[in-house]
Amino acid sequence: MMDLDADDIFRDDDDDIQNQLSLENETSKEYVVYLVDASPKMFTTTSPSEEEGKMDETHFHIAISCISHSLKSQIINRSYDEIAICFYNTREKKNIQDLNGVFVFNVAEREFLDRPNARLIKEFDSIEDTFSNNIGSKQGIVSATRENSLYNAIWVAQALLRKGSAKTVDKRMLLFTNEDDPFGSMNWAIKSDMTRTTLQRAKDARDLGISMELLPLSCADEVFNVSQFYADLIGLEGDDLVDFMPSAGNKLEDMKDQLRKRMFAKRIVKRIKFTIANGISIDLNSYALIRPTVPGAITWLDSVTNRPLKSERTFICADTGALVEESSRRFHPYKNQNITFSVKELIEIKRVSTGHLHLLGFKPLNCLRDYHNLKPSTFLYPSYEGMDGSECIFVALHRSMIQLNRFALAFYGSSTRPQLVALVAQDEVIQSGGQIEPPGMHMIYLPYSDDIRRIEERFSDSSGMVPKASDDQIKKAADLIKRIDLKDFSVCQFANPALQRHYAVLQALALEEDEIPEMKDETLPDEEGLARPGVVRAIEEFKTSIYGGNYDEESEQPTGKPSETTRKRKAIAEFATKECENYEWGDLADTGKLKDLTVVELKYYLAAHDLPVSGKKEALISRILTHMGK
């Protein structure tokens, strides 16, 4: 029998942030083929630069820098997505079908459509220096020979995207060009024929579930006319065409942001079955609106070959040293005896919910409090796949909840963390012809009773009384908040400086860059803004209203009595500090033997240094190494 770590075996899966983020399944994977026009027109310079000393850029350079920027972001955010880079209107050819005018850029030991790696990004960054010699630019659409490199490029991209099913993978083509009419110089008959065949090839690709997107490159004095040809190629019509036209004239320096926004499409986190009543169920798609970003899990590599290691677990008898099979039973010591469990019994103990969403009833919206929101909500929208009528039932329920000003109370959770949730309907918001907020429901995770702490217990004095702020103190606090309030604040405005530094170091190591880019910490206080006379006055008035005019901050000592929870945490930290002294952590880290320690032993170090102790073993080791600066 095997001993159990109670903290680990009975720990809620949802307490591990890595487990939460692993909810994404294969439906969120994406295959992208970049189609870059390499015709001579792409190498002409754009409008003269207004900045002194800055060289004029070509449209080809804009496309290359956009793709390079996106690959570096993708390898961090969506490293398991697969991409291919295809140039058309080229002198040389390199593709599966051996078609003229199409060159698929790649590096050794990598398939044409594969995950991006450091070598691909590094060589792609320098492709402009070698492009004319190794690939070359050539007008690939010739009326005399009926050669059509755009048709060939779409055919090559479609062949590359045959990999994987359209039901489980999002497939896309992203096309960069500055030529809005590729067949404009031909006579009417040839132009009509080549236009027809090219549009048919694009339609065949869309029918296979491949979406096509255009990123037009315009000059300052010449706006890209999407209606000329490409509206039909990518399937734009009606309002979509009207909305797309203004974006065609955007400035060249906005292209990176445009591509980055298109690459980060909303993706399904999980499909949920919503049981309403009397056997009526509908399928919903869930979307994560916001969630914390953490460094990726560490990967153990062989010190010689630098290849990923595969871990295997073997059980050895302590008495004889012989190999033994894994025990089918577990035990946990309790009151001087071992309580045994089978693996099946452990699974059944932990399974207290099916993971489906069950409607319990409805309550007025004013019953929902702000502090009931435990973590970022999940957005729900009806699934177009699965059960028939899901959308109609969802729309009827959604409209009724908005009209009656009610929210739905439901039972939901994983097999280890069932909980009550509130479903709050959100109506569609449209401004200036564009959708600001989509219709749907927010699933708000409601707290357990012990998740709500009474602040009176923490801040009460010896007589049990809790000090209350006076009206003047409240007014001074409101004035201070008004002075330092951030207008139109969004958490997306500030990048995590630790993560930015982490990824900058990784990028410099992977691409063998000489310097690590300096990262700006946008979370630091605005010292200039806090030094404004109005802010300083508001701070001093608030401080005086609370502590009085003779307050000495340095001599002030905390008077609040420690709570039971505080005492327990202090005792745990003291015990962990004592146990931590029994290990040579520096030597263990240098020799790579941290992985030989148990989870409990690793937590001694974390608790002793006031670090988070949640997560899997790999996350704990990574946290220790980061803290030690190794």
Side-chain angles (χ1 to χ4, degrees), residues 33-44 46 58-60 62-63 86-95 97-104 135-161 172-208 210-249:
V33 176
Y34 297 95
L35 295 177
V36 182
D37 185 0
S39 64
K41 184 178 179 181
M42 286 284 288
F43 290 87
T44 57
T46 61
T58 66
H59 284 143
F60 186 79
I62 295 291
C86 179
F87 297 99
Y88 67 97
N89 285 329
T90 60
R91 182 186 68 243
E92 305 296 332
K93 60 180 179 179
K94 181 182 177 182
N95 54 80
Q97 297 95 323
D98 198 34
L99 298 173
N100 291 329
V102 180
F103 191 97
V104 180
I135 302 175
S137 173
K138 180 183 177 181
Q139 183 55 255
I141 300 177
V142 183
S143 59
T145 60
R146 295 295 182 96
E147 194 69 46
N148 187 347
S149 59
L150 178 57
Y151 176 95
N152 292 346
I154 298 174
W155 189 2
V156 169
Q158 180 179 328
L160 292 172
L161 293 173
R172 308 164 69 191
M173 296 184 197
L174 269 67
L175 194 150
F176 292 81
T177 184
N178 62 354
E179 178 57 77
D180 54 10
D181 188 8
F183 309 112
S185 61
M186 301 178 180
N187 63 55
W188 185 87
I190 297 177
K191 177 180 179 179
S192 176
D193 181 59
M194 297 183 77
T195 300
R196 178 184 57 81
T197 56
T198 304
L199 294 180
Q200 184 59 47
R201 171 56 64 186
K203 182 179 182 302
D204 293 342
R206 295 199 304 271
D207 291 343
L208 293 174
I210 302 173
S211 65
M212 301 185 67
E213 298 185 24
L214 173 70
L215 287 104
L217 295 153
S218 301
C219 296
D221 57 346
E222 182 182 357
V223 176
F224 193 100
N225 187 357
V226 183
S227 303
Q228 191 81 2
F229 169 75
Y230 283 99
D232 296 328
L233 184 82
I234 61 179
L236 286 177
E237 57 184 14
D239 294 338
D240 292 336
L241 178 59
V242 175
D243 295 338
F244 187 90
M245 288 296 291
S247 68

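- Between the side chain of Thr44 and the backbone N or O of Pro40 there is no donor-acceptor pair closer than 3.5 Å.
- Rounding to the nearest 0.5 angstrom, the gap separating the CE atom in Met42 from the CG atom in Leu217 is 5.0 Å.
- Remark: the backbone N or O of Trp188 is not paired with any side-chain donor or acceptor of Ser192 at under 3.5 angstrom.
- Here NZ of Lys93 is found 4.0 Å from CG of Asp98. Values are rounded to the nearest 0.5 Å.
- Counting non-hydrogen atoms of other residues, nucleotides and ligands closer than 6.0 Å to NZ of Lys138 gives a total of 12 or fewer.
- One N or O on the side chain of Ser137 and one on the backbone of Ala38 form a donor-acceptor pair closer than 3.5 Å.
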For this session: List the steps, then state whether side-chain contact (heavy atoms from CB on, under 4.5 Å) holds for Tyr151 with Met194.
Result: CA-CA 9 Å; Tyr151 176 95; Met194 297 183 77; over 6 Å; no
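- Results of the side chain to side chain donor-acceptor pair (under 3.5 Å) test with Asn89 over Asp37, Thr177, Asn152 single out Asp37 as the only residue that passes.
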For this session: In sequence, state the C-alpha distance, the side-chain angles, and the governing distance for Phe229 and Leu199, and then conclude on side-chain contact (heavy atoms from CB on, under 4.5 Å).
Result: CA-CA 9 Å; Phe229 169 75; Leu199 294 180; 3.9 Å; yes
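- Of all heavy-atom pairs spanning Val36 and Ala63, the tightest one is CG1-CB, 4.1 Å.
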Exercise. Step by step, would you call Gln158 with Met173 a side-chain contact (heavy atoms from CB on, under 4.5 Å)?
Worked result: CA-CA 9 Å; Gln158 180 179 328; Met173 296 184 197; 4.2 Å; yes
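- Nearest heavy atom pair, residue Arg201 against residue Ile154, reads CG-CG2, 3.6 Å.
- Rounded to the nearest 0.5 angstrom, Thr198 OG1 and Asn148 CG are separated by 4.0 Å.
- The six-membered or imidazole ring of Phe87 lies away from that of Phe103, with a centre-to-centre distance of 6.0 Å or more.
- Taking CG from Leu233 and CG from Leu175, the interatomic distance works out to 7.0 Å, rounded to the nearest 0.5 Å.
- Ring planes of Phe224 and Tyr230: tilted class, angle from 30 to 60°.
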For this session: Under the side-chain contact (heavy atoms from CB on, under 4.5 Å) rule, what do Phe183 and Ile190 come out as? Steps first, then yes or no, please.
Result: CA-CA 9 Å; Phe183 309 112; Ile190 297 177; over 6 Å; no
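- Residues Asp181 and Lys191 come closest through the heavy atom pair OD2-NZ, 3.3 Å.
- The minimum heavy-atom distance between Phe176 and Tyr34, with the atom names listed, is CE1-CD2, 4.0 Å.
- Taking each heavy atom of Val102 and Ala153 in turn, the nearest pair found is CG2-N, 3.7 Å.
- Distance check: Ile210 CD1 to Arg172 CZ gives 12.5 Å after rounding to the nearest 0.5 Å.
- Rounding to the nearest 0.5 Å gives a distance of 6.5 Å between OG1 of Thr58 and CZ of Phe43.
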